Amino acid sequence: MRTGYTFIGFYHYRKRGNILANQKELDQFLASVERRAYRMAEIATGSADDALDIVQDAMYKLVQKYAIKSPAEWGPLFQTILQSRIMDYHRRNTVRNKYMAWLGRKDEENMVDPLETVADEKAVNPESEVDQVTCMQVLERAVRDLPPRQQQAFMLRALEGLDVAQTASVMKCSQGSVKTHYFRAISVLRERLGDYKI
Amino acid sequence: MKNEINSEFENRIKQRFDESVTTLDASTLSRLTTLRNQVLDNAGESASGRSLWVPMGAFATICTAIVIYSLIPHENVENKTFVDEIDIISELELYENLDFYEWLEQHELPS
């Protein structure tokens with residue numbers, strides 16, 4: 001304990017000790033939530049790389065700031081951090097789109113290469129798999145098109161299975177607001193996905 | 001966690017989502033595992049870092065600046081009285097008429 005004689009040294013020694021002591025539990029916890037977190041971020045952003053960045057940020061923040069909390073608290077905390085990161089992404093994207101619109105340029109990152117849209121005739125795609133993938137893609141696009149708060153309420157309630165109180169806690173708003181956002185999200189999705197066999 | 005989702009539509013959406021989670025490709029799973037390991041490794045190292053040193057250093061610098069400032073003698077201009085100011089002005093007049101006083105001393109009339 002090189003810096004153990006100072007308050008700061010003691011603080012860091014204790015914090016590091018907590019992280020190391022909880023490392024196995026943290027590893028298990030993160031392994032249990034990472035896939036769902038990744039899918040939620042991917043649906044929200046539409047980008048695998050952005051989703052991985054968001055999940056990494058959320059994991060890092062949880063480990064850095066809340067490793068000393070009891071494992072029972074990690075779930076809600078992780079959800080709060082993850083949703084906060086997704087909202088940050090939406091904000092940055094909005095600002096960037098406004099900036100691009102002001103400059104009169106098209107967003108080159110989101111431009112689709114025409115070659116990518118050409119069907120691969122040699123590819124083997126079982127019919128059922130196609131149906132499933134297409135259905136999920138349509139669903140994802142519909143969720144992605146929702147306003148950020150509705151999207152957040154929908155993902156937490158419908159996909160993550162949180163109740164109204166837990167969702168309100170993560171979204172930092174009232175339970176009434178959660179109900180409103182969720183109801184609107186479900187209504188829009190019903191309308192858009194009506195013709196698909198979800 | 002209590003699941004309050006009741007409608008068939010919502011259940012089917014959740015089912016689709018759960019399927020997509022369980023069928024994630026190997027490449028993505030591998031990247032997620034790598035990320036997790038990186039986070040845990042880095043967190044253990046950086047926790048012994050410097051997060052509290054920065055505010056403590058800033059606090060120490062401010063304290064040092066205050067002590068040094070209080071130790072430097074400061075001339076208090078506001079406390080000068082009217083008489084002090086008159087003295088200063090009269091001294092200035094003396095220096096301005098120095099030649100005259102020298103001449104007066106040399107040519108002083110005998111009393």
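Since the structure is predicted, the reported quantities are computational estimates derived from the model, not experimental observations.
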message = Taking A:I186 as the starting point, is it possible to reach A:F183 by hopping between hydrophobic residues whose side chains are less than 4.5 Å apart?
response =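 Different hydrophobic clusters.
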request  = Is it possible for you to say whether A:M87 and A:L162 belong to one hydrophobic cluster, with membership spreading through side-chain heavy-atom contacts below 4.5 Å?
outcome  =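 The answer is no; the residues belong to distinct hydrophobic clusters.
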request  = Among B:L29, B:L35, B:N37, B:L32, single out the residue with the greatest number of heavy-atom pairs under 4.5 Å to chain A.
outcome  =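 Ranked by heavy-atom pairs under 4.5 Å with chain A, first place is B:L32.
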Student check: side-chain heavy atoms of [X] and [Y] closer than 4.5 Å:
{"X": "B:R31", "Y": "A:D49", "result": "yes"}
{"X": "A:R190", "Y": "B:E10", "result": "yes"}
{"X": "A:M40", "Y": "B:F17", "result": "yes"}

key: Region of A:L189 in contact with chain B, defined by heavy-atom distances below 4.5 Å   =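 Interface part for A:L189: both.
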inquiry  = Please classify the contact of A:A31 with chain B as side chain, backbone, both or neither, using a heavy-atom distance under 4.5 Å.
reply    =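 Both backbone and side chain.
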ask   = Between A:M59, A:Q56, A:R36, A:E42, which has the largest tally of heavy atom pairs under 4.5 Å with chain B?
value =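 Heavy-atom pairs under 4.5 Å are most numerous for A:R36.
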request  = Indicate yes or no: does B:D18 engage A:R39 in a salt bridge with an N to O separation below 4.0 Å.
outcome  =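 Judged by the 4.0 Å cut-off on N to carboxylate O distance, B:D18 and A:R39 do not form a salt bridge.
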ask   = Quick one: what part of B:Q15 sits under 4.5 Å from any heavy atom of chain A, side chain, backbone, both or neither?
value =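 Neither part, no heavy atoms under 4.5 Å.
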More than 12 heavy atoms from other groups under 6.0 Å of CD on B:E102 =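 Enclosed.
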key: Minimum heavy-atom distance between A:A158 and B:K14, given as atom pair plus value   =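 Where A:A158 meets B:K14 most closely, the heavy atoms are O-CD, 3.2 Å.
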request  = Over all heavy atoms of both residues, which pair between A:L30 and B:R36 is shortest? Give the atoms and the distance, please.
outcome  =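 Closest approach of A:L30 to B:R36: CB-CD, 3.5 Å.
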task = Step by step, work out the side-chain contact (heavy atoms from CB on, under 4.5 Å) result for B:V21 and A:Y38.
result = CA-CA 9 Å; B:V21 169; A:Y38 168 77; over 6 Å; no
